[in-house]
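Data block below; observations after.
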Amino acid sequence: MARELVLGVDAGHTVTKAVLFHATGRPVARGSGTLPLNTPHPHWVERDMDDVCRTAHQAIAACLAAVGLTGHGDGLYAVDDRGLPVRAAIVAMDTRADPVLGEWRATPCCESWPDGGTATRAKA
């Protein structure tokens, strides 16, 4: 039996989105859920993994089909041996390591890095 529908899910910075596509590429249904970011300390930006699961369920429930899952990959999503979250996710906008990076960039070894140790990133 040919599969005619595919569901794509994207857990972005602020919204988890799901779109159900027909095999022709035509969108059939859409769903989403607002994904809050937490800032428990200055320069920290985290995401509660239960919120990711909740918003994914919310978005998928609006579409329901076979699932191809993707998500934002720039961050730390720590899970235990059962696949359950062990802490809030640390997302790419988090800047708590900037002082350490500053020290590393000030060392002579950084000159041999492909970018000369001058890499920068967008600030939230």
Side-chain angles (χ1 to χ4, degrees):
M1 172 158 80
R3 296 181 184 192
E4 294 185 11
L5 300 174
V6 175
L7 181 69
V9 180
D10 174 35
H13 283 296
T14 58
V15 177
T16 301
K17 301 164 286 293
V19 180
L20 181 63
F21 294 95
H22 186 270
T24 63
R26 179 180 50 85
V28 176
R30 290 181 172 86
S32 65
T34 302
L35 188 56
L37 291 173
N38 304 314
T39 54
H41 302 283
H43 308 289
W44 290 29
V45 184
E46 300 181 346
R47 172 179 295 130
D48 185 318
M49 294 306 289
D50 288 334
D51 287 336
V52 174
C53 290
R54 178 185 51 75
T55 58
H57 286 111
Q58 196 175 11
I60 292 168
C63 299
L64 297 180
V67 178
L69 186 62
T70 184
H72 187 264
D74 294 342
L76 172 66
Y77 302 87
V79 297
D80 64 18
D81 58 354
R82 296 169 296 153
L84 300 173
V86 297
R87 67 165 330 280
I90 300 173
V91 300
M93 297 174 293
D94 188 288
T95 60
R96 73 184 90 175
D98 280 357
V100 174
L101 293 174
E103 290 176 27
W104 287 353
R105 288 185 180 121
T107 64
C109 73
C110 291
E111 295 169 4
S112 65
W113 291 1
D115 68 358
T118 60
T120 59
R121 61 188 170 100
K123 299 289 183 190

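Summarising the geometry, atom SG belonging to Cys53 is positioned 9.0 Å from atom CG belonging to Asp48; distances are rounded to the nearest 0.5 Å. Once rounded to the nearest 0.5 Å, the distance linking CG of Asp98 with CD of Glu103 reads 11.5 Å. Separating the CZ atom in Arg30 from the CG atom in Leu7 is a distance of 12.0 Å, to the nearest 0.5 Å. Note that NZ of Lys17 is 9.5 Å distant from OG1 of Thr55, once rounded to the nearest 0.5 Å. Going from atom CD of Gln58 over to atom CG of Asp51 covers 10.0 Å, rounded to the nearest 0.5 Å.
The minimum heavy-atom distance between Val15 and Leu35, with the atom names listed, is N-CB, 3.9 Å. Taking every heavy atom of both residues into account, Pro27 and Val19 meet most closely at CB-CG1, 4.1 Å. In this structure, Thr16 and Ala59 approach most closely via the heavy-atom pair O-CB, 3.9 Å. Here the closest heavy-atom approach between residue Ala62 and residue Gly31 is recorded as CB-CA, 3.7 Å.
Every residue two or more places apart in sequence or in another chain was checked for a side-chain contact (heavy atoms from CB on, under 4.5 Å) with Thr34, and none qualifies.
Placement of Phe21 and Ile60 in two distinct hydrophobic clusters is found when ILVMFWY residues are connected by side-chain heavy-atom separations under 4.5 Å, directly or transitively.
Between Arg47 and the choices Asp94, Ile90, Val91, the side chain to side chain contact (heavy atoms under 4.5 Å, CB included) rule is met once, by Val91.
For the pair His13/Met93, a side-chain contact is recorded, criterion being any heavy-atom separation below 4.5 Å from C-beta on. Between Glu46 and Leu37, the closest side-chain pair of non-hydrogen atoms is not below 4.5 Å. Taking 4.5 Å as the limit, some side-chain heavy atom of Thr39 sits within range of a side-chain heavy atom of Val45.
Checked by atom type and distance alone, the side chain of Asp80 pairs as donor or acceptor with a backbone atom of Arg82 at under 3.5 Å.
Other residues, nucleotides and ligands contribute over 12 non-hydrogen atoms within 6.0 Å of the NE2 atom of His22.
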